[in-house]
Structures are given as C-alpha cells and as structure tokens.
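The structure appears below as structure tokens.
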Amino acid sequence: MTNRLFTAIVGALVVTALAGGCGRASSGTTAGEGAAAAAGKTAKDLVPEAVRKTGELRVATSEGYPPMEMYKEGTQELTGVDPDLGAAIAAKLGLKFTITNAAFDGLIPGLQSGRWDIVLSSMSDTEERRAAVDFVDYFNAGGAIMVKKGNPEGIRTLDDLCGKTVVLAKGTSNLAIGERQNEKCTDKMKIMQSEDAPTGLLSLDSGRAVATIVDSPVAVMYANDTGKYDVLPEQYDAGPWGIAIDKRATGLRDAVAKAMEELQADGGYREVLDKYGVTANAVQGVLVNTRPWK
C-alpha cells in the first residue's frame with residue numbers, strides 16, 4: 001500500500017522457483033504482442049480458458065489503507081478504490097468477483113502459488129517486483145511525510161527526519177524511502193516498523209514517533225478525517241501503482257489491460273476514482289509495466 005510497497009521480492013522469487021508449473025497457463029506473449037493480439041476483441045474474449053472455467057476472478061488486497069482498501073464501517077465488507085475497481089474489471093471479464101484480505105507482504109507469494117488471480121492493493125510498479133509479476137497500472141502517487149497537527153518538530157523535508165524517531169509500515173516502498181534517507185543521515189533516525197499506516201499513526205499520537213511516510217492520497221484522507229495530522233506537500237518516489245498478475249499469466253494480464261481500456265472508454269474507471277476523490281491520481285491510457293500497452 002502505496003505507494004506501499006516493497007513486498008519481499010526475494011520471497012516471491014523463491015516461491016516462483018518452487019511453484020514451477022503451478023498456476024494458470026501463460027500465453028508467453030510480451031505486452032506489445034498481447035496488445036496486438038487483442039485488436040478487435042473484448043476483454044471477455046481475452047479471458048484464458050482456465051480462468052473462464054472457474055467463472056471467477058480471485059482478487060487479493062490488504063485492508064487498512066483508505067481510501068484505497070478498507071472495511072465498510074461496522075462490517076467486514078471490503079470497499080475502496082481497489083475493491084471497486086476489481087469488481088468493475090471482473091464485470092468486464094464476465095467473471096464473478098471475489099476478494100480476499102491478506103497480509104501485504106504475502107500478496108505476491110500468494111499470487112505466485114495460485115491462491116488468487118490478481119493483486120489490487122496500492123502496490124507500486126517497481127523494477128524489482130517486475131522480476132516476479134507484471135503490472136497493469138491504474139494509479140499515480142508517491143509517499144508524503146505526515147506529522148502531528150501544527151508540525152511541532154518543524155519538519156519540512158526528509159533531511160529533517162535525521163536524528164528523529166520515525167514509524168514506517170513494513171513491506172512498503174515508504175519504508176524503503178526512509179531507509180534510503182537514513183543512509184544519508186550523519187545522525188541516524190530510529191526507524192520503527194508498524195503493521196500498516198493506521199498502526200503507525202498511533203505511534204505519532206502517543207509521541208513514540210514524530211513522523212511517518214504514507215502514500216499521499218491516503219495521508220490526505222487520514223488528515224482530513226481526523227484533524228490530527230499535517231501532510232507535507234512534497235511527494236517522494238511518485239510513480240504508478242499496478243494491478244499485479246503472475247509473470248506467467250500473460251493471457252490474463254492482457255485481458256485485464258483490455259478491461260482497463262474499456263473502463264477508461266466508458267467512464268467506469270473515472271467513476272471509481274471520482275467516488276473516492278482521487279481523480280487527480282488517474283493514469284492516462286493503458287500502461288503495462290509503466291509502458292503504453294499499445
């Protein structure tokens with residue numbers, strides 16, 4: 001989440017090796033070849049036969065990152081940008097939508113082992129992750145520094161975090177931002193690791209940490225909803241978030257890319273983003289692994 005994300009890629013690659021022939025069949029095409037093959041076809045036409053036979057699109061996410069993925073108040077029903085977009089994609093594919101909540105650092109290994117078909121969880125499309133998965137990009141954002149309301153420590157940039165206690169969600173790209181900054185610090189930070197962004201904010205509330213880094217749209221939502229935090233304007237490592245699909249499942253990747261194209265054309269994609277106030281984070285066109293699909 002957020003850019004969330006530096007999932008344990010080494011673990012994912014180990015799972016890849018162990019999985020061998022597990023998972024659904026791959027068409028073996030590159031993104032460009034897949035786009036050419038999709039010409040004149042609908043997203044539903046492109047669904048691989050193995051997936052079509054199951055009749056469902058199994059989506060995994062990691063709850064606790066509003067407005068991207070969260071529970072409806074008082075329920076265990078997942079909602080937010082990612083569940084809603086996943087449901088819209090499943091509809092374009094003609095498949096039943098099912099969604100599973102899982103630990104963020106287990107999302108790619110679960111994908112590799114065939115527990116689910118796609119991951120939609122504020123996951124940054126990074127070169128490291130692309131060693132194990134392909135991404136259909138759907139969102140643009142970066143990490144922003146959050147502090148207590150009024151910014152009592154006078155923090156302005158990453159440099160100001162040196163020598164201070166900072167809390168960062170484990171398994172995320174925001175943790176990676178903090179760790180890279182710490183390498184530059186003469187007076188090192190103390191970096192605490194939380195399970196997720198909400199847990200990290202509790203450390204700010206209690207005074208155990210003076211700052212955190214959270215994906216910008218999520219940070220703004222928390223700040224607006226609670227009135228307890230300030231979000232600094234600069235974004236770090238801003239870039240695309242992607243729908244992760246097993247590297248071997250190129251047929252499904254192209255079906256999802258086509259579904260995104262259809263949702264962009266008919267307004268369904270914009271409708272999801274508008275609902276949660278994140279339209280400014282939209283991607284333009286269909287991107288696979290940060291590059292135009294066609």
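Values in this document were obtained by computation on a predicted structure and should not be read as measured data.
- Closest approach of L93 to V47, counting heavy atoms only: O-CG2, 3.6 Å.
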For Y276 and M221, what are the C-alpha separation, side-chain angles and deciding distance, and is it a side chain to side chain contact (heavy atoms under 4.5 Å, CB included)?
CA-CA 10 Å; Y276 296 98; M221 182 173 180; over 6 Å; no
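- For the pair S124 (side chain) and T126 (backbone), a donor-acceptor distance under 3.5 Å is absent.
- When every heavy atom of A43 is checked against every heavy atom of A255, the shortest pair comes out as CB-O, 3.7 Å.
- The shortest distance between side-chain heavy atoms of L263 and L85 falls below 4.5 Å.
- Here the CG atom belonging to L111 is positioned 9.5 Å from the CZ atom belonging to R58, to the nearest 0.5 angstrom.
- Put simply, the side chain of R52 gets close to the backbone of K44: a donor and an acceptor are under 3.5 Å apart.
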Verdict with supporting geometry, K228 and K148, side chain to side chain contact (heavy atoms under 4.5 Å, CB included)
CA-CA 6 Å; K228 295 164 59 176; K148 277 188 174 182; over 6 Å; no
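- Note that the CD1 atom of I108 and the OG atom of S113 stand 12.0 Å from one another [nearest 0.5 Å].
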Take Y71 and N101 through the side-chain hydrogen bond (donor to acceptor under 3.5 Å, both in side chains) test and state the conclusion after the steps.
CA-CA 10 Å; Y71 288 127; N101 183 43; 3.2 Å; yes
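- Between the side chain of Y269 and the backbone N or O of Y138, at least one donor-acceptor pair lies under 3.5 Å.
- Of all heavy-atom pairs spanning P66 and Y222, the tightest one is CD-OH, 3.0 Å.
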Derivation and outcome, salt bridge (charged side-chain N to carboxylate O under 4.0 Å, His left out), residues E127 and R130
CA-CA 5 Å; E127 184 177 354; R130 289 196 297 272; 5.2 Å; no
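- Note on residues 172-188: pairs passing salt bridge (charged side-chain N to carboxylate O under 4.0 Å, His left out), not counting sequence neighbours, are R180-D237.
- Evaluation of the side chain to side chain contact (heavy atoms under 4.5 Å, CB included) rule for D159 yields T157, Q181 as partners, not counting sequence neighbours.
- A donor-acceptor pair under 3.5 Å is formed between the side chain of Q264 and the backbone N or O of G285.
- Looking at D254 and W293, their side chains come closer than 4.5 Å, going by heavy atoms from C-beta outward.
- In this structure, A144 and V231 approach most closely via the heavy-atom pair CB-CG1, 3.8 Å.
- The line from CZ of F104 to CG of D196 is 11.5 Å long, rounded to the nearest 0.5 Å.
- Side-chain contact check for V218 versus P67: some heavy-atom pair is nearer than 4.5 Å.
- With contacts defined as side-chain heavy-atom distances shorter than 4.5 Å, the pair K92/D266 qualifies.
- Counting heavy-atom neighbours within 6.0 Å of Q193 CD, excluding the residue itself, gives a total above 12.
- Taken to the nearest 0.5 Å, the CG atom of D230 stands 5.0 Å off from the NZ atom of K149.
- Side-chain contact, D205 with Y229: a donor N or O sits under 3.5 Å from an acceptor N or O.
- In terms of heavy atoms, M68 sits closest to S122 at CB-OG, 3.2 Å.
- Atom CD of E69 and atom CG of D82 lie 4.5 Å apart (nearest 0.5 Å).
- Atoms CD1 and CG, from I245 and N289 in turn, are 9.5 Å apart once rounded to the nearest 0.5 Å.
- V210 belongs to a hydrophobic cluster with I145, V147, I155, L158, L161, V166, L168, L175, I177, M189, I191, I213, L232, Y236, counting contacts under 4.5 Å between side-chain heavy atoms of Ile, Leu, Val, Met, Phe, Trp and Tyr, direct or through other members.
- In terms of modelled atom types and a separation under 3.5 Å, the side chain of D45 and the main chain of T42 share a donor-acceptor contact.
- Heavy atoms only, all atoms of each residue included: M123 and V119 are closest at CE-CG1, 4.1 Å.
- A donor-acceptor pair under 3.5 Å is formed between the side chain of W116 and the backbone N or O of L107.
- Of the possible polar contacts, none joining the S203 side chain to the A209 backbone as a donor-acceptor pair under 3.5 Å is found.
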Evaluation steps, side chain to side chain contact (heavy atoms under 4.5 Å, CB included), between E153 and K164
CA-CA 10 Å; E153 299 286 333; K164 294 181 170 61; 3.6 Å; yes
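- Under a 3.5 Å cut-off, the side chain of Y65 and the backbone N or O of A197 do not form any donor-acceptor pair.
- At a threshold of 4.5 Å between non-hydrogen side-chain atoms, the residues I99 and T61 count as touching.
- The backbone N or O of W241 lies less than 3.5 Å from no partner atom in the side chain of D125, so there is not a single donor-acceptor pair.
- When atom types are taken as modelled, the side chain of S173 and the backbone of A176 share no donor-acceptor pair closer than 3.5 angstrom.
- Partner of D134 under the salt bridge (Lys or Arg N to Asp or Glu O under 4.0 Å) criterion, out of K247, R129, R291: K247 alone.
- Under the 4.5 Å side-chain criterion, counting only non-hydrogen atoms from C-beta, I243 is in contact with I89.
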Let me see the working for T165 and M192 under side chain to side chain contact (heavy atoms under 4.5 Å, CB included), right down to the final yes or no.
CA-CA 7 Å; T165 300; M192 302 166 53; 3.5 Å; yes
